[in-house]
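Beneath this line is the structure, given in structure tokens, with notes to follow.
Along the sequence shown, residues are numbered consecutively beginning with 1. The structure displayed is predicted, hence computed values, not measured ones.
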Amino acid sequence: MQKKKRILLKIGSNTLTKETDNLSRGKIEDIANQIALLKDEYEFIIVSSGAIAVAKQFVKLESQQDSVFVKQALASIGQPHLIRIYQEIFRSYGLLTSQCLLSYSDFEKQESKTNIINTINVLVNNNYIPIINENDTVATDEIKFGDNDKLGALTAVLLGVDLFIIATNTNGIYTKASVTNKKPETIREVTDYEHLKQEVLPSKSSHGSGGMLSKIEAANVTKQAKIETWIVNGLEDDFILNAFGNKVPFTKIK
């Protein structure tokens, strides 16, 4: 039996909410449908933001504490809801899911890295899709750093995936000149990382804490490991299928 190719799909808060203030069940259904159609050829691992966005739908926390601690508390409230929604929707498409919470410190210890690899391999080999998020309750890197882009890249490298897909809210990376002229033009393929950095304007996403700079920095991590990264517009329906069919503009970083 031919070995399936392994994809790590990183989904940010803007994609999951479809740039609204609420989690989009329709977007999670779209993702589940695509994975169900591709599951005979590909095995998926998901790094998903969205816990804080989900919690904001249910609660408003009052606190005199620093905003980072409030966000950590919101993540604690939202994470079980986020996973429940994934489980419900994916199950309806015949897909099994599991939750994995990681911290950046896990990538600094060999024992932890070995445990991550072994656990995720067991899950994937038994047809479970690991849904990974940062353990926000004890760590602040995702909140401070950038919407799980770096976590996705580190996980992709650790697990030796064949492809790293970052779902975002643009048609990949646009040239700086086209953004300035307000006529966005996608950079289709990148081999020169330093040139790419010069094309990216500093920005933050509205719900996430990332922006395009954090995405290309994540892509540089995977590039060092010879893993190709695609930056795709996750707001569109069938964005993975359309990227595979080259039916939409997106950026490949090789």
Can a donor-acceptor pair be found, under 3.5 Å and without considering hydrogens, that links the side chain of [X] to the backbone of [Y]?
X      : Y      : answer
Ser13  : Ser49  : no
Lys27  : Glu236 : yes
Asp106 : Ser103 : yes
Gln57  : Leu23  : yes
Asn133 : Leu101 : no
Asp162 : Arg6   : yes
Gln34  : Leu241 : yes

In one Ile/Leu/Val/Met/Phe/Trp/Tyr side-chain cluster, 4.5 Å: [X], [Y]:
X      : Y      : answer
Leu123 : Ile129 : no
Ile11  : Leu235 : no
Ile28  : Leu96  : no
Tyr128 : Ile35  : no
Val59  : Ile85  : yes

Contact between [X] and [Y] at the side-chain level, heavy atoms closer than 4.5 Å - yes or no?
X      : Y      : value
Ile240 : Val232 : no
Thr222 : Ile253 : no
Tyr104 : Leu154 : yes
Asp21  : Lys56  : no
Ile83  : Thr97  : no
Tyr174 : Thr186 : yes
Asn242 : Phe250 : no
Phe239 : Asn233 : no

Tyr42-Phe244 aromatic ring centre distance below 6.0 Å: yes

Look up atom [atom1] in [X] and atom [atom2] in [Y], then write down how far apart they are to the nearest 0.5 Å.
X      : Y      : atom1 : atom2 : result
Ile166 : Ser214 : CD1   : OG    : 7.5 Å
Lys197 : Glu194 : NZ    : CD    : 5.0 Å
Cys100 : Ile46  : SG    : CD1   : 11.5 Å
Gln99  : Arg84  : CD    : CZ    : 13.0 Å
Ile227 : Ile7   : CD1   : CD1   : 12.5 Å
Leu158 : Thr114 : CG    : OG1   : 8.0 Å

Kindly give the heavy-atom pair with the smallest separation between [X] and [Y], and that separation in Å.
X      : Y      : answer
Ile89  : Ala32  : CG2-CB, 4.2 Å
Ala167 : Thr15  : O-OG1, 3.3 Å
Val200 : Ile216 : CG2-CD1, 3.8 Å
Met212 : Gly172 : CE-O, 3.6 Å
Ala218 : Ala153 : O-CB, 3.3 Å
Gly50  : Leu82  : C-CD2, 4.0 Å

For Gln110, I'd like to know if atom CD has over 12 heavy atoms of other residues, nucleotides or ligands within 6.0 Å.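 Atom CD in Gln110 is packed in, count exceeds 12.
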
Greater than 12 external heavy atoms within 6.0 Å of Lys5's NZ: no

Derivation of the side chain to side chain contact (heavy atoms under 4.5 Å, CB included) call for Ile117 and Ile120: CA-CA 5 Å; Ile117 293 167; Ile120 288 180; over 6 Å; no

Are Glu199 and Lys176 ion-paired here, with the side-chain N under 4.0 Å from a carboxylate O?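 Judged by the 4.0 Å cut-off on N to carboxylate O distance, Glu199 and Lys176 do not form a salt bridge.
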
Over 60° means perpendicular and under 30° means parallel, so classify the ring planes of Tyr86 and Phe90, tilted if in between. perpendicular

Which label fits His81 and Phe58: parallel for a plane angle under 30°, tilted from 30 to 60°, or perpendicular past 60°? parallel

Examine Lys223 relative to Tyr193 and say whether NZ or CZ is less than 6.0 Å from the centre of the six-membered ring and inside a 45° cone about the ring axis.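 Because its charged atom misses either the 6.0 Å distance or the 45° angle limit, Lys223 does not stack over Tyr193.
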
Verdict with supporting geometry, Glu111 and Asn115, side chain to side chain donor-acceptor pair (under 3.5 Å): CA-CA 6 Å; Glu111 185 180 5; Asn115 288 342; 4.6 Å; no

Checking Glu29 against Arg25 for the salt bridge (Lys or Arg N to Asp or Glu O under 4.0 Å) test, could you report, in this order, the C-alpha distance in whole Å, the side-chain angles of both residues, the deciding distance, and whether it holds? CA-CA 6 Å; Glu29 287 177 2; Arg25 293 182 72 97; 5.3 Å; no

With respect to Lys10, which candidate in Thr155, Asn148, Asp149 satisfies the side-chain hydrogen bond (donor to acceptor under 3.5 Å, both in side chains) definition? Asp149

